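Remember, it's 1-based here, ligands and their atoms both numbered in the order they're listed. When a residue number appears, it is its place in the shown sequence, counting from 1. Just so you know, these numbers come straight off a predicted model, no measurement behind them.
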Amino acid sequence: MRVINAVFAAGLLTGVVGLMASAPGVAMGQATERPWMNASLAPEERAEMVLQQMTTEEKIALLHGNGMAHAPQWQMPLTHLSNGGAGYVEGIERLGIPPLFVSDAAYGVRSSGENGKYSTALPSSLGAASSWDIEGACAYGGVIGRELRAQGFNMTLGGGVNLTREPRNGRTFEYAGEDPLLAGTMVGNLMKCEQAEHVVGDIKHYAINDQETGRNIVNAVISKRAMQESDLLAFHIGIGIANPGAVMCSYNRIDGDYACENAYTLHDVLKTQWGFKGFVLSDWGGTHSTVKASAAGLDQEQPMADFFGPALLAAVKDGKVPMSEIDDHARRVLYAEFLSGIVDHPIEKSVVDVMGGMEIAQHIEEKSIVLLKNDGGVLPLDAAKVRTVAVIGGHADVGMISGGGSAQVDPPGGNAIMPPGKGATHWQEHIWFPTSPLKALREKMPGAKVEFYSGQDLAEAAAEAKAADVAIVFAYQWESEGVDLATLSLPDNQDALIEAVAAANPRTVVVLETGTAVTMPWIGKVAGVVEAWYAGSAGHTALANVLTGEVNATGKLAMTFPKSDADLPHPVIPPLPAEDKGAGSGAVDDRAHVRSNYTVHYDEGLKVGYKWYEAERLEGRDKSPLFPFGFGLSYTTYAYSGLKIDDAAKSVSLEVRNTGSRAGAEIAQVYANLPAEAGEPFKRLAGWQRVELAPGETKTVTVAVDPRVLSVFNEKTETWSLLPGSYGILAGPSSAETPLTGTMRLR
Ligand code: BGC
């Protein structure tokens, strides 16, 4: 403890001086004294040079956090230096290595309210994934990276890429849907561009952290082949694109061992099979041991130093942890610092670009909104014909809902449905952004009477709907880290409200503000359905643009919407044993429950989302979804033709024509069926392209198929193989509609 305290004391200085560390373009003296400051050298080389200069205590200082600013139970002597973030890691001031100022930043920078700052809320990750727009993902990451830097942070905790295996998972909104290629590509591009702003990038929560129920204790049981071909593939693709400095291991166990001391997922897969060179940090309180975790490949404990502080130093001295492991851990942290540019580009606090962030958030949301139903062309609202609009429910007069937990972004002015100025008082408060769709619609439709009714009184709502040309019901479903949804049904009697309004006016449109799929018992009775997700800081404007047709609808679902909970692989989430009640609901590891036997068997294996529904159908069980993966309508129409397959190049091309009268963007999707020997008869997404098309225009779409999405994993040899044989190729507008078919022959 004594040694560590001395290091803490040294850090008091580091925290201050680190912020003022040298800029790129190093002075001559420094170049000779500190050759690692030469930015033209490779990050690996620079890290190695620094490592050679370091004492054991300095190395260990890089391997643990120093508390969490806003968690009283997690305070340490240096917590006050953390800039109000989730974590703080000391730098080595004498060697010019800055501290890590770490903040959560899933859909925007967290804790801006408590820190007296402003952050842009982007649309939820799931929403943005529904744009299938890689440039948008990059812009998303860019906003967050710049705002982190402006606020004095140089490391993010964003980058959630867990698959939507369990759609009731309270964190579904933080992730990018159910397909490994789509999720990995979107999150990978997001994080690539975020890290390019000089923040250490992160991808999380590694791995199989697919539900919140008992998240600190649950043992997720799944075969190696299944996890490699599903959740791990999403991580592999994302990490490959982003090359993030860090990967966060998750709270849960995987086949027995905690994810933060799991030699298979950390050492064997992430670091050896994939060659990941950055560092692994534990989720907050997710470290459970010193010797085992260090050997398995955990590099940094967060947010405390219970296992990787004095205990790690003692283990080194006792010969229980070899110095080579300490060197490997420290080298990885240093590598991440050089890689991301935080050594060469010291933080300079500045004013967040509010308008710039708002504009990007609006455009991403416009592309993320999914038009699910549009009977009789009820949308777009025709300003020339629609004289009265009844806007009903969902607090649409004042704002739009957001997702909670450590992802929460604080809204300007506080929660829109609470007294002014009152911010989030609890990490699971239901926060409404002051983004009123009612006001936005009124602005877009100055000639119409657009009135709001709360929907509390069903009879009143029905009567007002009846009197209006069009009724728009706003429905919400709140989600947060730490708690799963019991069901995909809408809460708070909203199904009854929609039924009542739809019965009164056939021109009823439902706008959904949800973090995951919802069931729609009323689907046959409404004319229109629009999924707006958690829409972010400019969501109201984006939504009004799509509802009025100023912007065409282009988004397509990044996850399947089932007809009922009963159709899911797990009709109910396995309940926690009585003695474990409450586990997982906290932000942190709940050590009282560590001996729990709570287990979830992911017997559906790699059949996540659309693969599950197709596999069930092939076995004679009809669970056809309400809306399939990849589905979304537009105000124009498209036709597909001319499929061409190049076996040698593993590429597929086709033509998409805009057959309607409006400009639009179509997301053309290519799927593949593996040869029968694979034993996986359901299709896989093999690629896509989002193409802008003027009315009447035709474009050729070319998709290069990543061999990883055609390969199968052999768990005996721990290798991937691309089987020789015939691959069925299917292409079209969604996973359920693939008018073009052909064969790719691989030798
Ligand atoms: C969450 C992480 C988050 C961390 C720090 C944990 O509870 O699972 O996603 O980054 O807290 O706030």
In ligand 1, which numbered atoms sit nearer than 4.0 Å to a non-hydrogen atom of Arg215?
-> 7 (O), 8 (O)
With atoms numbered from 1 as shown, which atoms in ligand 1 lie under 4.0 angstrom from a non-hydrogen atom of Arg171?
-> 1 (C), 2 (C), 8 (O), 9 (O)
Does an N or O anywhere in Trp284 fall below 3.5 Å from an N or O of ligand 1?
-> no
Write out all pairs satisfying salt bridge (charged side-chain N to carboxylate O under 4.0 Å, His left out) with one or both partners inside residues 226-237, taking only residues at least two apart or from two chains.
-> Arg165-Asp231, Arg225-Glu229, Glu229-Arg684
Please identify which atoms of ligand 1 are closer than 4.0 Å to at least one heavy atom of Tyr251.
-> 6 (C), 7 (O), 8 (O)
Report yes if the distance between the aromatic ring centroids of His570 and Tyr602 is under 6.0 Å, otherwise no.
-> yes
Quick note on ligand 1: atoms under 4.0 Å from a heavy atom of Arg110 include exactly 12 (O)
Please could you name the atoms of ligand 1 that Lys204 approaches to less than 4.0 Å, counting only its heavy atoms?
-> 2 (C), 3 (C), 9 (O), 10 (O)
Ligand 1 atoms nearer than 4.0 angstrom to some heavy atom of Met248 are 10 (O)
Where at least one partner belongs to residues 232-266, residue pairs that pass disulfide (SG to SG under 2.5 Å), sequence neighbours excluded = Cys249-Cys260
Residue Ser406 vicinity, atoms of ligand 1 by number, heavy atom under 4.0 Å = 1 (C), 2 (C), 3 (C), 9 (O), 12 (O)
Which ligand 1 atoms are under 4.0 Å away from a heavy-atom of Met68?
-> 12 (O)
Ring geometry between His198 and His345 (parallel below 30°, tilted from 30 to 60°, perpendicular above 60°) = parallel
Between Phe153 and Phe101, does the ring centre distance come in under 6.0 Å?
-> no
Flag the pair Lys292 and Asp257 as a salt bridge only when some basic side-chain nitrogen lies within less than 4.0 angstrom of an acidic carboxylate oxygen.
-> yes
Is Asp210 salt-bridged to Arg171, going by a charged N under 4.0 Å from an acidic O?
-> no
